[in-house]
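Step one of this worksheet: look at the structure below.
Both ligands and their constituent atoms are indexed starting at 1 by order of listing. When reading the values below, keep in mind they use all heavy atoms of this one structure, side chains included, and skip hydrogens, waters and symmetry mates. The model shown is predicted, which means the values in this text are computed figures rather than measured ones.
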Amino acid sequence: MPLESRNNFFYKILLPLLILTLAFFLSPSSSRLNLILSHLTPQTTTVKMSSSPYAKELLIAQLSIQRASILTKRVFQESSKGTISKSDASPVTIGDFGAQALIISALKHNFPSDQIVAEEEASTLRNDPLLSSKIWDLVKSTSLSSSPEAESLLGGQIPSESKMLDLIDSGNSSGGRTGRIWTIDPIDGTKGFLRGGQYAVCLALLEDGDVKVGAIACPNLPVDDSAPLTADIGDGEGRGVIFSAVKGQGATSRPLTTGDLAEGKQISMKPITEMSAASFCESVEAGHSNQSESARIAEKLGITRPSVRMDSQAKYGSIARGAGDIYLRLPTSKTYQEKIWDHAGGDLIVREAGGEVTDTKGNRLDFGVGRTLASNSGVIAAPKAVHAQVLDVVQEVLGLKN
Ligand SMILES: Nc1ncnc2c1ncn2[C@@H]1O[C@H](COP(=O)(O)O)[C@@H](OP(=O)(O)O)[C@H]1O
Ligand SMILES: [Mg+2]
Ligand SMILES: [Mg+2]
Ligand SMILES: [Mg+2]
């Protein structure tokens with residue numbers, strides 16, 4: 001090669017290539033990911049990631065619950081949801097198992113050394129090949145097909161049915177106070193899901209027991225943050241929202257639509273100026289929260305409007321965006337321990353939207369003691385300004401005052 005061509009090759013091809021490679025490996029992982037995305041796809045506007053802390057965790061959380069919701073929405077439309085009864089007599093469906101497999105697959109692909117605490121496990125499926133194959137049919141045919149770059153970020157498809165079962169079972173961490181732990185409720189409010197009501201696909205990241213990221217998909221809630229809070233149901237037009245929050249960065253909502261990954265809108269709780277105009281947002285299930293005690297608390301607070309009853313963490317999202325006012329969950333038994341996956345995302349989203357969340361003793365929810373909230377009892381979530389007033393009346397009615 002003549003000297004001039006050799007120089008040209010060095011300065012015009014080799015050197016820029018070297019500089020690009022160096023810049024790629026020295027850049028922080030979030031901008032590296034954006035760089036990959038911008039070269040992988042012509043539709044770079046559809047997947048955007050900021051450089052703020054936990055940006056990658058938030059993006060993967062949102063995309064994975066979005067993908068899982070595509071699966072649950074398919075099951076929601078089916079008359080047969082493959083429901084079985086668990087050892088505690090609570091229901092689980094093919095939607096719960098399938099959603100858990102898809103979410104864990106995405107987490108394992110992106111954060112292989114993180115632990116996972118998830119609600120479901122696969123032992124029943126290993127003894128029921130027909131049920132297992134139904135779930136596998138659903139899982140292998142669910143993807144973010146309108147956004148191939150997002151699908152590839154999640155690691156694409158699960159390779160086999162047996163891998164799917166192993167993934168479901170890898171949500172068996174015992175939780176605790178140290179390290180990074182994701183907690184998953186693949187369908188929260190399974191009873192609501194079965195009756196055609198509200199349900200939520202929930203994911204949160206704990207770091208040393210503290211919730212850092214929370215994301216909750218509510219396929220049956222209105223997209224519109226200002227829509228009135230009602231217990232009406234269905235997943236038709238204008239429905240489907242994702243609530244999320246990162247600690248210290250506020251809370252947002254955005255539509256749950258495939259492909260469209262527009263940035264979220266900030267949400268905040270509605271101030272309560274008159275208690276008489278407020279209402280409680282409570283479980284549908286009388287067995288999950290003591291309804292007669294909550295009626296006495298409402299009366300003492302001067303609340304006259306009836307409680308809005310809806311299943312799942314849709315309640316936390318609803319009060320965080322100001323559609324509802326106060327989330328109340330009063331223990332129905334001394335032995336039941338709340339599960340961390342039923343509350344972690346909602347706790348952060350409400351606090352980032354300007355709320356306070358405690359148990360009935362006035363303590364913050366402690367997500368660092370294992371798979372359950374063993375050191376807490378019940379939940380009160382309310383705008384900061386009125387939380388102490390609500391707690392005071394709760395303690396009076398429950399006889400918790402000295
Ligand atoms: N006795 C009880 N007290 C409180 N919560 C209970 C309960 N039994 C079950 N649950 C939890 O209540 C969750 C539903 O919450 P809500 O009442 O707000 O809709 C269920 O989640 P899953 O549906 O994921 O099993 C389940 O974990
Ligand atoms: Mg359950
Ligand atoms: Mg749940
Ligand atoms: Mg569940």
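- For the pair K212 and Y54, the cation-pi criterion (under 6.0 Å, within 45° of the ring axis) is not fulfilled.
- In this structure, I187 has a heavy atom closer than 4.0 Å to ligand 1.
- Heavy atoms of K315 come nearer than 4.0 angstrom to ligand 1 in at least one pair.
- Across the listed options R329, K191, E285, R329 owns the non-hydrogen atom lying nearest to atom 12 (O) of ligand 1.
- With distances taken over non-hydrogen atoms, the option nearest atom 17 (O) of ligand 1 out of E120, H288, E119 is H288.
- Within ligand 1, counting atoms from 1 as listed, the ones closer than 4.0 Å to a heavy atom of S283 are 16 (P), 17 (O), 18 (O).
- The pair K339-E120 fails the salt-bridge criterion, with no side-chain N (NZ, NE, NH1 or NH2) lying under 4.0 Å from an Asp/Glu carboxylate O.
- Contacts between D185 and ligand 1, counted as non-hydrogen atom pairs separated by less than 4.0 Å, involve the side chain only.
- Close approach of ligand 1 to S312 (heavy-atom distance below 4.0 Å) involves ligand atoms 16 (P), 18 (O), 19 (O).
- Looking at D88 against ligand 1, nothing comes within 4.0 Å, counting heavy atoms.
- Nearest to atom 1 (N) of ligand 1 among the protein's heavy atoms is G287 O, 3.2 Å.
- Under a 4.0 Å N-O distance rule, the pair D392/K300 does not qualify as a salt bridge.
- Looking only at distances, no side-chain donor or acceptor of S132 sits under 3.5 Å from a matching main-chain atom of D128.
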Could you walk me through whether K191 and D311 pass the salt bridge (Lys or Arg N to Asp or Glu O under 4.0 Å) test, one step at a time? CA-CA 8 Å; K191 287 181 178 169; D311 301 278; over 6 Å; no
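- Test R67, Q157, R74, K73 against T142 for side chain to side chain donor-acceptor pair (under 3.5 Å) and you get one pass: R74.
- For E207 and R180, the salt-bridge test passes: some basic side-chain N is under 4.0 Å from an acidic carboxylate O.
- Within the 3.5 Å criterion, the main-chain N or O of V379 finds no donor-acceptor partner in the side chain of D359.
- For ligand 1, none of its N or O atoms has an N or O atom of Y327 under 3.5 Å away.
- Using a 4.0 Å cut-off between a side-chain N of Lys or Arg and a carboxylate O of Asp or Glu, R364 and E356 do not qualify as a salt bridge.
- Classification of E119 and K86 as a salt-bridged pair holds, one side-chain N sitting under 4.0 Å from a carboxylate O.
- Side chain of N363 to main chain of T358: no donor-acceptor pair is present (N/O by atom type, distance under 3.5 Å, no hydrogens or angles).
- A salt bridge links D166 with R126: at least one charged nitrogen is closer than 4.0 Å to a carboxylate oxygen.
- Each of the following atoms of ligand 1 lies closer than 4.0 Å to a heavy atom of D188: 13 (C), 14 (C), 21 (O), 22 (P), 23 (O), 24 (O).
- Sorted by chain and number, the protein atoms of type N, O or S within less than 2.8 Å of the Mg ion (ligand 3) are D185 OD2, D188 OD1, D342 OD1.
- Distances shorter than 4.0 angstrom occur between a heavy atom of G189 and an atom of ligand 1.
- Going from atom CG of L63 over to atom CG of L144 covers 6.0 Å, rounded to the nearest 0.5 Å.
- Close contacts of ligand 1 with D311, meaning ligand atoms under 4.0 Å from a residue heavy atom, involve 19 (O).
- Against a heavy-atom cut-off of under 4.0 Å, T190 is close to the following atoms of ligand 1: 23 (O).
- Closest protein heavy atom to atom 20 (C) of ligand 1: D342 OD2, 4.0 Å.
- Nearest protein heavy-atom neighbour of atom 11 (C) of ligand 1: Y336 OH, 3.4 Å.
- Look at E352 and K247 and you find no salt bridge, because none of the NZ, NE, NH1 or NH2 atoms lies under 4.0 Å from a carboxylate O.
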